[in-house]
Asker: 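Below is one structure. I have some questions about it.
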Amino acid sequence: MATSNSPYTEPNSDGAHDKDFKTDEHSKDQSLEHYRSDAKDHDLRTNQGVRIADNHNSLRAGERGPTIMEDFILREKINHFDHERIPERIVHARGAAAHGYFEAYDNAAQYSKAALFSEGGKKTPVFTRFSTVQGARGSNDTVRDVRGFAVKFYTEEGNWDLVGNDMPVFFMQDATKFPDFVHAVKPEPHNEIPQGQSAHDTFWDFVSLFPESAHMVLWVMSDRAFPRHFRNMEGFGVHSFRLIDKQGTSRFVKFHWKPLAGTCSLIWDEAQKLWGRDPDFNRRGMWEDIENGNFLEYELGIQVIEEADEHSFDFDILDATKLIPEEQVPVIPIGKMVLNRNPDNYFAETEQVAYSVGHVVPGIDFSNDPLLQGRLFSYLDTQMLRLSGPNFHEIPINRPVCPFHNNQRDAPHRQTINKGQASYEPNSIDDGWPKQTPADEEHGGYESYYERVEGHKIRARSDSFSDHYSQARLFWNSQTDVEKEHIIAAYTFELSKVKRPYIRERQIKEILPNIDVELARRVGENHGVEAPREPTAPEGELGKSSQEASEALSLMARLPGNIKYRKIAILVADGVDGEQVETLKSKLSEQGAQGMVIAPSMAPVRSMSGGSVVPDGMLNGLPSVTMDAVIVAGGEGSAQALAKSGLGLYYVQEAYKHLKAIAAIGQGETLLDAAGVPAGEDGIFLGDAIEAVFEPFAKALGEHRVWSRDSKANEMPA
Ligand code: HDE
C-alpha cells in the first residue's frame with residue numbers, strides 16, 4: 001500500500017469514503033444543474049431581488065431634467081454591463097464548444113486504471129472546445145491556423161482535461177520559446193495587423209530563424225489549416241503522456257482523436273472568401289448539426305510505447321516537434337466521444353471553461369516533454385487572470401462532478417460556504433477531516449508515477465532533440481500531388497505578404513531546401529529567388545527517418561467516403577421542375593445529406609406545373625462557398641433565368657474553381673454552358689433524369705472534391 005507523506009494525519013483508509021457518492025446525482029445533465037437559469041414565468045428583478053416596475057426610463061428630475069444618482073436600478077444595470085467582459089484567452093481566443101459524452105471500449109482498462117476507462121460502455125460527460133490560435137475572439141473561423149481540440153472529461157474521480165490540437169506536433173521543443181513564438185505570430189504590435197493570420201513579417205522572421213518549427217509550419221501550410229467542419233478534424237494530445245494500469249505499470253502514450261466522419265478541409269480561396277461570407281462557418285456548422293441531431297463523433301485512440309522502448313525510435317519521444325508514425329506504432333481505439341448538446345450560454349460555458357493539462361486523474365500522468373512541463377505551469381496561471389482568481393473551479397462549467405473538499409478558503413468570488421472551524425490539517429476539531437486518501441486501488445488517491453530522475457541542473461537540450469527536418473520531409477513525402485501543390489501555393493502566398501525581402505529569401509534558401517529541394521525551387525521560382533539545390537542544414541539537424549512516407553499523414557487517407565452531413569445547393573428559379581426538386585431533397589436526405597434550395601431571392605419560386613417552391617436561401621446569401629456541391633435543377637425557364645443572372649453564373653463557376661461536384665439535370669445544363677463550366681469533365685454530371693446523375697454525383701462528393709480538376713481550377717475567373 002502506498003503510504004502517506006504526512007507525519008500527522010492518518011489517511012482515511014477505513015471509514016466512510018466519498019468515493020461511494022452517486023455519480024448520476026452529480027452528472028453534468030442540464031436538468032440536474034440548479035444553476036442553469038430559465039427566466040420564463042419570472043418577474044424582472046434587480047440582482048438584489050427587487051421587482052422592477054419600469055425597465056425603459058431612468059430616474060430623472062423632471063421629464064426633461066438630468067438623471068438622478070439615486071437611480072440604483074440604472075446604476076446596477078450599467079455597472080454590470082461595464083464589467084461584462086473578461087480578458088480573452090491570450091491564445092485560442094476564438095472558439096466554440098459542445099457537451100457530450102465519452103464511452104469507453106472494453107479494452108481501455110488494460111492500459112489505465114482511470115475510472116472512466118474501467119469498463120466497456122461506461123459513459124463520462126465531456127465538454128469540448130474547438131478554437132483557432134492566433135486571432136481575437138471576434139476573428140474569422142476559417143483562417144489558416146492550428147485548431148485547438150480541448151476536451152474536459154467530468155470523471156467520477158475528478159476532471160481530466162485533454163488539451164490538444166488538430167495537428168500532432170508543435171512549433172517548438174521547449175516552453176520558454178512559446179511567448180516568443182506567440183508574439184511573432186500574433187498581429188504585429190505597432191498596428192495590430194493582420195488578424196487571425198500568419199502571413200506577415202514577424203511570423204516568417206521568427207520561423208525562418210527557428211528551424212525546429214519547420215515541421216509544424218509545414219502542417220500549417222497544408223490544407224489541414226482550415227478544416228471543412230469540426231467533425232472532420234483529427235485531434236492529438238501532441239506530447240507523450242503516461243497511462244498507469246492497475247498493477248502500477250507505466251506506458252507512454254500519444255492520444256489521437258479520429259473523426260468518424262472522415263477528414264476533409266476547405267481550400268484556400270474558399271476559406272478566404274468565407275471570412276466575409278460566413279465568418280462563423282465552423283461554429284455555425286457544429287451548432288446547426290447538433291440542433292438537427294447530427295452529432296459529432298470521434299474515436300479516442302492511443303499509440304502505446306512500453307517504458308523499455310522509450311529510446312527505440314530515431315527521434316526522442318519527449319520532443320513535441322515529432323510524431324510517431326502510425327506504421328511504427330498503430331493507433332488502438334479505446335473509446336468514442338459524441339458531442340450532442342449545444343451550450344445554453346456562450347459566455348457562462350464556452351468562454352468561462354478553464355482547461356489545464358495539469359488536470360489529470362489517477363491512471364494518467366505526464367512525461368518529461370519540456371513543452372508539456374511548461375504548460376503545466378501556464379494553464380493554471382492563465383485561469384487566475386482570466387477568471388479573476390483561484391476559485392475558477394467553482395464556476396459551473398468547471399466544477400468536478402465528484403465532491404471536492406479541502407482546506408483552501410476565501411479569495412475572490414468564493415461560492416462555497418465552508419462550515420466548521422478547522423481549515424487546516426492536521427486538526428482534531430473536525431476529527432481530522434478532510435483526510436488524505438491512500439493511493440491504492442480501493443481508495444484512489446492520486447500518486448505520481450514513481451520515476452527515477454537524476455541529473456545536473458542545466459539549461460541545455462539533449463542531443464536527441466537536434467533533428468529538425470526528418471519528419472518535415474516525412475510529412476512532405478506523404479502528401480499527394482494535389483496536397484503538395486496546395487502547400488507550394490501556401491508558402492508562395494504567405495511569403496508574398498512579407499515585406500522584407502531578406503526574410504522571404506531566408507525561408508526559401510535556409511529552411512525549405514532542408515525539407516525538400518523541389519519545394520524550395522518551386523516557392524523560390526514564384527518569388528524570383530534561386531533556391532539551393534542541396535539541403536543546407538548540418539547533418540544533425542537534417543536527421544534521418546527510418547521510413548520514407550506515412551499514408552496516415554495525408555488528408556486523403558480518411559476521406560468521408562459518403563455524403564452524410566453534406567450540404568448540396570439545388571439551384572432554382574421560376575419555371576423549375578418542382579417535383580424534381582422534391583425528389584432530389586428526399587434522395588439526399590435518405591443518405592444523410594441536406595439539399596438546400598437556393599433561388600435568386602427568398603420569394604417562393606413558381607414551378608413549371610404552377611406550384612411553388614420555397615427557397616432555403618438565396619444565391620448571395622448561401623453562396624457556393626457555404627455548400628459542398630451544386631445541382632442545377634431542370635425546367636427551361638429556371639435554367640435560362642439563372643444563366644442570365646450574374647450570381648447564378650458565379651455560383652457554378654466558383655463551385656467549379658473549388659473542385660466541387662456539379663450536376664445539371666435536363667435543361668439545367670444551360671447554366672453550365674453559359675458559365676463556361678466544361679461538360680464532360682470529371683465531376684461534372686449531366687443527365688435528363690435524376691437517376692442518370694445521382695449515383696456518380698454522390699460518389700464524387702464522397703471523395704470530398706474532384707481532385708483531378710485541381711490543375712485547371714485557376715483557369716476559372718470566379
Ligand atoms: Fe496552449 N495555452 N500552450 N497549447 N492551448 C492556452 O490557456 C501554452 C500548447 C491549447 O479551449 C492558454 O486557457 C503554453 C500545445 C489549447 O480554452 C495558455 C504552451 C497545445 C488551448 C496556453 C502551449 C496547446 C490552449 C491560453 C507551450 C496542443 C485552448 C488560454 C509550452 C497540445 C483551450 C488558456 C481552450 C490555451 C499556454 C502549447 C493547446 C496561455 C505555455 C503544444 C487547445 O495557458
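Just so you know, ligand 1 is whichever comes first in the structure, and atom 1 is the first atom listed for that ligand.
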Asker: Answer yes or no for Lys336 and Tyr105: cation-pi contact, defined as NZ/CZ to six-membered ring centre under 6.0 Å and angle to ring axis within 45°.
Answerer: no
Asker: Give a yes or no answer on whether the side chain of Glu212 reaches the backbone of Gln173 with a donor-acceptor pair at less than 3.5 Å.
Answerer: yes
Asker: Below 3.5 angstrom, do we get any N/O pair linking Arg89 and ligand 1?
Answerer: yes
Asker: Does a donor on one side chain sit under 3.5 Å from an acceptor on the other, for Tyr446 and Glu157?
Answerer: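 No, no side-chain donor-acceptor pair sits under 3.5 Å.
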Asker: Is there at least one pair of N or O atoms, one from Arg386 and one from ligand 1, spaced under 3.5 Å apart?
Answerer: no
Asker: Considering only heavy atoms of Leu371, which atoms of ligand 1 have at least one such atom less than 4.0 Å away?
Answerer: 27 (C), 31 (C), 42 (C)
Asker: Check whether the side chains of Gln479 and Ser222 place a donor and an acceptor atom closer than 3.5 Å, and report yes or no.
Answerer: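 No.
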Asker: Please identify which atoms of ligand 1 are closer than 4.0 Å to at least one heavy atom of Tyr355.
Answerer: 11 (O), 17 (O), 33 (C), 35 (C)
Asker: Looking at Lys497, Glu188, Glu494, which hits side chain to side chain donor-acceptor pair (under 3.5 Å) with His200?
Answerer: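 Exactly one candidate clears the test, Glu188.
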Asker: Any N or O of Arg129 that comes nearer than 3.5 Å to an N or O of ligand 1?
Answerer: yes
Asker: Enumerate the protein N/O/S atoms at a distance below 2.8 Å from atom 1 (Fe) of ligand 1, ignoring waters.
Answerer: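 Those protein N, O or S atoms (cut-off: under 2.8 Å from atom 1 (Fe) of ligand 1) are Tyr379 OH.
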Asker: So if I count the atoms of ligand 1 from 1 in the order they appear, which ones are less than 4.0 Å from some heavy atom of Phe149?
Answerer: 43 (C)
Asker: Does the distance from a Lys or Arg side-chain N to an Asp or Glu carboxylate O, for Glu306 and Arg251, drop under 4.0 Å?
Answerer: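 Yes, charged N to carboxylate O under 4.0 Å.
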Asker: Looking only at protein heavy atoms, identify the closest one to atom 43 (C) of ligand 1 and say how far it is in Å.
Answerer: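 Nearest neighbour among protein heavy atoms for atom 43 (C) of ligand 1, to 0.1 Å: Gly164 O, 3.1 Å.
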Asker: May I ask you to say whether Arg94 pairs ionically with Glu88, meaning some side-chain N is under 4.0 Å from a carboxylate O?
Answerer: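 The answer is no: the pair does not qualify as a salt bridge.
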Asker: Give me the residue, atom name and distance of the protein heavy atom closest to atom 13 (O) of ligand 1.
Answerer: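 Answer for atom 13 (O) of ligand 1: Gln383 NE2, 3.0 Å.
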Asker: Which residue owns the protein heavy atom closest to atom 40 (C) of ligand 1, what's the atom, and how far is it?
Answerer: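 The answer is Ile90 CG2, 3.4 Å.
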Asker: In terms of residue, atom name and distance, what is the protein heavy atom nearest to atom 34 (C) of ligand 1?
Answerer: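 Protein heavy atom with the smallest distance to atom 34 (C) of ligand 1: Thr382 CG2, 3.2 Å.
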Asker: Does the separation of the ring centres of Phe255 and Phe236 fall below 6.0 angstrom?
Answerer: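 Ring-ring flag for Phe255/Phe236: false, centres at least 6.0 Å apart.
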Asker: Give the residue and atom name of whichever protein heavy atom lies nearest to atom 28 (C) of ligand 1, and the separation in Å to one decimal.
Answerer: Asn165 ND2, 3.2 Å
Asker: Numbering the atoms of ligand 1 from 1, which are under 4.0 Å from a heavy atom of Ala175?
Answerer: 31 (C)
Asker: Is the closest heavy atom of Gly237 to ligand 1 under 4.0 Å?
Answerer: yes
Asker: Pick from Tyr355, Phe149, Trp257, Trp287: which one makes a ring pair (Phe, Tyr, Trp, His ring centres under 6.0 Å) with Phe130?
Answerer: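 It is Phe149, the one option of Tyr355, Phe149, Trp257, Trp287 that forms the ring pair (Phe, Tyr, Trp, His ring centres under 6.0 Å) with Phe130.
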Asker: Kindly indicate whether a cation-pi arrangement holds for Lys123 with Tyr101, taking the cut-offs as under 6.0 Å to the six-membered ring centre and within 45° of the axis.
Answerer: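 Verdict for Tyr101: a cation-pi partner in Lys123.
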Asker: Would you say the side chains of His229 and Asp289 form a donor-acceptor pair under 3.5 Å?
Answerer: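 Their side chains do contain a donor-acceptor pair, which is all the 3.5 Å distance test asks for.
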Asker: Tell me, which pairs form a side-chain hydrogen bond (donor to acceptor under 3.5 Å, both in side chains) where one or both residues lie in residues 129-139, sequence neighbours left out?
Answerer: His92-Ser131
